[in-house]
Amino acid sequence: MISKRDIEDILNDYDLDKLKICTLGSHTALQITKGARDEGFKNLLLCTEKAAGFYRGFSVVDDVIEIDSYNDMLLDETQDELIDRNAILIPHGSFVEYVGPDNIMEKLRVPLLGNRLVLEWESNRKKEMEWFKKANLSVPREFKSPDEIDRLVMVKFPGARGGGGYFLAKSGDEFHKKLEDLNIPEHIKKEYIIQEYVIGTRFYPHFFYSPLDDGLELLGMDIRYESDVDGLARIPSVIQKDIEICPRYVITGNVPVVLRESLLPDLMNLGRNLVEASKKLFKPGVIGPFCIEMICTPELEFICFEISGRIVAGTNLFINGSTYSNILYDEPMSCGRRICREIKVAIERDRLNEIIY
Ligand code: AMP
């Protein structure tokens, strides 16, 4: 395992005047490169051949290293080059998915913004739930056995979020039939989770926690547009009932949203509880951006079902700032830019070690 100490040793040899903000060319790379530019840093993207042409077309991108596949990120020669170039990596959704939390823990020697331990907690459902419970958040009821199903449930599988064969069921019989018909590998079928389907409004708030000032900010909020479940809502129910469709929850886009203002204090408390719980579970806890996937019920209760401990794609809506970030900052503050601001302030205060692992 790569220890925090190993990373600090590498970081101590960095020439901070030549620091490069680096990530994989995908997901939120455009706002991260623009954020680096706005905060006075050079940036560097690792791209596959296909992505390289696309990203080179943007003037905010300073430099591109081409790799054959995202796995090459772990090659010694790639890592050595990044360290030589004084790169700090910004983890995003594609980065974590392509490189993998285990590889990041075991093999990645390049300094990463935030606490890399969070990647293990956000990618493992059991750990996520443990984190939620420690933070006293409400979570959907989980059914241990299909025989217990007494309401609408969502059946989930590990792997790609929302895409991997999720289905809805109202009874044990329906569960067994749908599981049998499902076209996914048998070993994955066995790893099902049966979760109460919570009816309400989904919200995906984008938080940013700065350990430098112990400050928690709400930078924005979105609702994910998921195909084809959201598209189905456009088909009247009289027609829907004649079509055999098992809706899927594959994210295809994001739409902006604001929360009833009277609910914002509760939301901020919830975010703060997660930060404090993370400090107890995996020291020094979550650092920088994180996002909770939640549903607000008609009783105005937040039920949380997932967490991402890094920048999320919904922040791409707010490259010029959001309703919330515009109140906090007198300048356009995207999440990518906020990350780079944190790095800049940490350098000014000689505290970079505290926000990097
Ligand atoms: P996930 O893979 O957990 O992020 O879930 C994918 C999508 O399924 C979410 O964005 C929601 O639209 C929906 N979803 C997940 N869990 C629940 C739940 N317990 N109740 C209702 N909808 C859910």
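One-based numbering, in listed order, for ligands and for the atoms of each. For clarity, every value in this text was computed on a predicted model and none was experimentally measured.
- When only interatomic distances are considered, the shortest N/O to N/O separation between V198 and ligand 1 falls below 3.5 Å.
- No side-chain donor from either of Y249 and D230 sits under 3.5 Å from a side-chain acceptor of the other.
- When non-hydrogen atoms are compared, ligand 1 lies under 4.0 Å from neither the backbone nor the side chain of I251.
- Contact detail for P91 and I311: the closest heavy-atom pair is O-CG2, 3.6 Å.
- Residue contacts with ligand 1 for Y204 involve side-chain atoms from C-beta outward but no N, CA, C or O (heavy atoms, distance under 4.0 Å).
- Ligand 1 has no nitrogen or oxygen under 3.5 angstrom from a nitrogen or oxygen of R224.
- Residue E196 touches ligand 1 through its backbone alone, judged by heavy-atom distances below 4.0 Å.
- Every atom of ligand 1 is numbered from 1 in the order shown, and the set under 4.0 Å from a heavy atom of K156 is 3 (O), 15 (C), 16 (N).
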- For R125 and E191, what are the C-alpha separation, side-chain angles and deciding distance, and is it a side chain to side chain contact (heavy atoms under 4.5 Å, CB included)? CA-CA 11 Å; R125 260 188 232 286; E191 290 186 54; over 6 Å; no
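- Donor-acceptor pairing under 3.5 Å is recorded for the side chains of S94 and S26.
- Here the rule is side chain to side chain contact (heavy atoms under 4.5 Å, CB included) with I2, and of I7, L108, L112 only I7 fits it.
- Atom 2 (O) of ligand 1 has its nearest heavy-atom neighbour, among F157, Y166, F305, in Y166.
- In this structure, F167 and F175 have tilted ring planes: the angle between them lies in the 30° to 60° band.
- Which parts of ligand 1 touch I295 is read off a 4.0 Å heavy-atom cut-off, strictly below it: atoms 20 (N), 21 (C), 22 (N).
- Each of the atoms 11 (C), 12 (O) of ligand 1 lies under 4.0 Å from some heavy atom of R202.
- The heavy atom nearest to atom 10 (O) of ligand 1, out of those in E306, E226, E293, is found in E226.
- Checked options L352, N86, I356; the residue passing with Y14 is N86 (criterion: side chain to side chain contact (heavy atoms under 4.5 Å, CB included)).
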